Amino acid sequence: MSRSQTRTRTIKVDDLARVEGEGHLSVRIRDGVVTDIKFGIHEPPRFFEALLRGRMFTEAPDITARICGICPIAYMLGASLAMEDALGIRVTGPLRDLRRLIYCGEWIESHVLHAAMLHAPDFLNKQDAFEIAKDHPEVVTKALALKKLGNEILEVVGGRAVHPVNLKVGGFYRAPRKQAVKALIEPLKRAIEDAVALTRVFGSFDFPDYAWDYACVSLRHPDEYAIHEGRIVSNRGLDIAVSEFADHFREEHVEHSNALHGMTRGGEAYLVGPIARYNNNFSQLSDLAKETANMVGLREVCVNPFQSIVVRMVEVVYACEEALRLAEAYEVPDASCVEAVPGPGDGHGCTEAPRGICHHHYRLGDDGRIVQATIVPPTSQNQKQIERDLLGVVEANLDLADDDLQWRCEQTIRNYDPCISCATHFLKLTVDRG
Amino acid sequence: MGEGGNETVLVIGVGNRDRGDDGAGPEVAARLRAQGVHAIEHAGDGLALIDLWDNHSAVVIVDAMVTGTTPGTVRRFDAAAGPLPREAFAVSSHALGIAEAIETARALGRLPEAVIVYGVEGESFALGAGLTSLVEQGCLRVVQDILEETACGLS
C-alpha cells in the first residue's frame, strides 16, 4: 500500500477478470516515474489463418466464426464480404438488410453483456454483476432482457444464438420466416426504452478524469451509421477503400504478447470501437440516440475512454431502433442468397465488430480454395492504444495505493471490452514499484 | 414432481463437448434424455441459464468442476439453500458461469424453488478431446443419482 514516489512499485495482474480470453498486465514505477507497461495476451495463438489455407471459400464464414463466441457475426460477415469481393458479387437490398439486422443483434448482446455485466461493476465498486443485481435489480433485469433479445435476433436470422449457422457467402441458407421477424417488433420497442434507461444509469457514473486525443479509425457509409459496410476513415483525414487497409496499417510482434500489435504504417497507435465510431459518425446516429447521448452529458466527440460504457449504450439504443426499423420493413426475399461461382480472386472485407473494425483479406486459387488469409481483429488494433492509455492513467494516478491503482488499470483495459481470444488469433496485472 | 409445464424437473448439462472433461454436463444430459428425462445441453453464456429455467420450479444442473480433488469425483450442492463455491465452477474470465447465474437469479427472485447442482471433477480440458475415463464413470454415477432423485421428487 505504499504511495511513496521515491522507490520502485510493481503492480501485477496475472489473470485479468471480466475480459474475454487470458491476459496479463505489468506496470513498473521507479521513483515516481512509470518505466515500463506491458499489456500482454498469453492465450495461445490459434493459427486460424493457417488452417484456412486449402479450404474452399465457402467454408471461411463458419471457420472464422469460431474465432469468437461473442462476435461471430463480425467474422462470418467479414469473411463473406471478402469472398464476395474476390468473386465479384454483391449482396444488396433485403439480404443486405438482413445482414444489418443480425449485426444489430450482435451489437446489442455483446455491448450489453460488457457494459452491464462486466464493466459496470468497476464504476459501482462491485466485484461482479450479481452484486449489482442485489442493489440495483432493475439494472440487471433490463440488461438480461436486452441481451436475451439480441440473442433472439441472432436465432431468428442466424439459426442459433451462438455461432449462427444460417449465414453464407452470398447471403443466407434460408430466409427467416416473416412471422418470426415480425415477432421481434414488440420486444424491440420495449428494448429501446430499456436501452435509454440503462444509458441514463451508466451516464450518471463518476468517470475517472482522463482525456486523450485519439486517432479514431472506423468505417463510414454515406447513408447510415456504418456497421457492416463502408470506407475506412479516421479523424486524421484518412478515407480509403477497405482493400487499401494494409497500405495504411500494419501489425507487429511484441515479445510480451501472443497477439500482434496493430499500428499505422507510421508506427502510431490508433483507436477502433465504439468511441471511434461515435466520434467519426455521430451525425449519422438516430435522433433518439443523439438525444440520449446529450441527456447523459456526452458531447459529439468523446475523449474520455472511461465513458466508453455510455457510448456503448448509445450504440445499443441505435441498434435497437435500427433493428426495429428493419424488422418492420421485412418481407421474405425472393432468393435467400446470391450464387457465388468458385474461381480465383483476391478480396477484402471489413465490418464494425462490437469492439471495432475487423478486417479480412483472402486470396483464392483457380478452384476457389483459399491460398492466403489475413484477419486483423479489433483487439489487436487497440492493443497499442490500450498500453498508451495505461501509461497515461498510471502517470495521472501515481498517488493511488497499489490496490486502487490496479483497479484503475483493469478498469482502463475493460474500457476496450478487449476480446483476447480474437486477438490471439488477456489478464495478469503486475505493478512494480520496487 | 408432477406432470408437464412448470412442474417438470429440467436437467441442464452445462459444458462444451469439444473441451475434454468440460463435456461432462452434456454427456449426462444426453444419457438422461435417452431415458426420457427432460434434459438439455447448454454451452456458452451462463446468464442465459436464467432464461432456460425461468418457467421451472425445479432444476438440476450438471457441470464440470475444478477443485483439485480426484478426477471423476461427484459432488452434489443444494444451490437453493446457499451459494455454490464459485472457484469450483469458474469457467472463464469473460463468460459468467453457473455460480454467477444462480446468484444473479437469486438476487432477482428468478431462482427456481429447487436447484440441485452436480459437479464432476474434471481432469483434462484439452481442445478436441473426449471425456477421460474417470470422468465418464463419474457421469454415469450422476445419471443414476439424478434418475433416483427425480423419481422421488427433488428435495
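The figures here come from the full heavy-atom set of this structure, side chains too, leaving out hydrogens, waters and symmetry mates. Quick caveat: nothing in here was measured; it's all calculated off a predicted structure.
One distance of note links CD1 of A:Ile132 with OG1 of B:Thr104; it measures 9.5 Å at 0.5 Å rounding. Atom CG of B:Asp18 is separated from atom CZ of A:Arg66 by 7.0 Å, given to the nearest 0.5 angstrom. To the nearest 0.5 angstrom, B:Glu103 atom CD is 10.5 Å from A:Glu131 atom CD.
For B:Leu127, no part lies near chain A; criterion is any non-hydrogen pair under 4.5 Å. Neither the backbone nor the side chain of B:Arg106 comes within less than 4.5 Å of any heavy atom of chain A.
Here side chain to side chain donor-acceptor pair (under 3.5 Å) pairs that include residues 140-165 of chain A, with residues two or more places apart or in two chains, are A:Lys147-B:Asp45.
In this view, B:Glu113 and B:Ser57 satisfy the side-chain contact (heavy atoms from CB on, under 4.5 Å) rule, not counting sequence neighbours.
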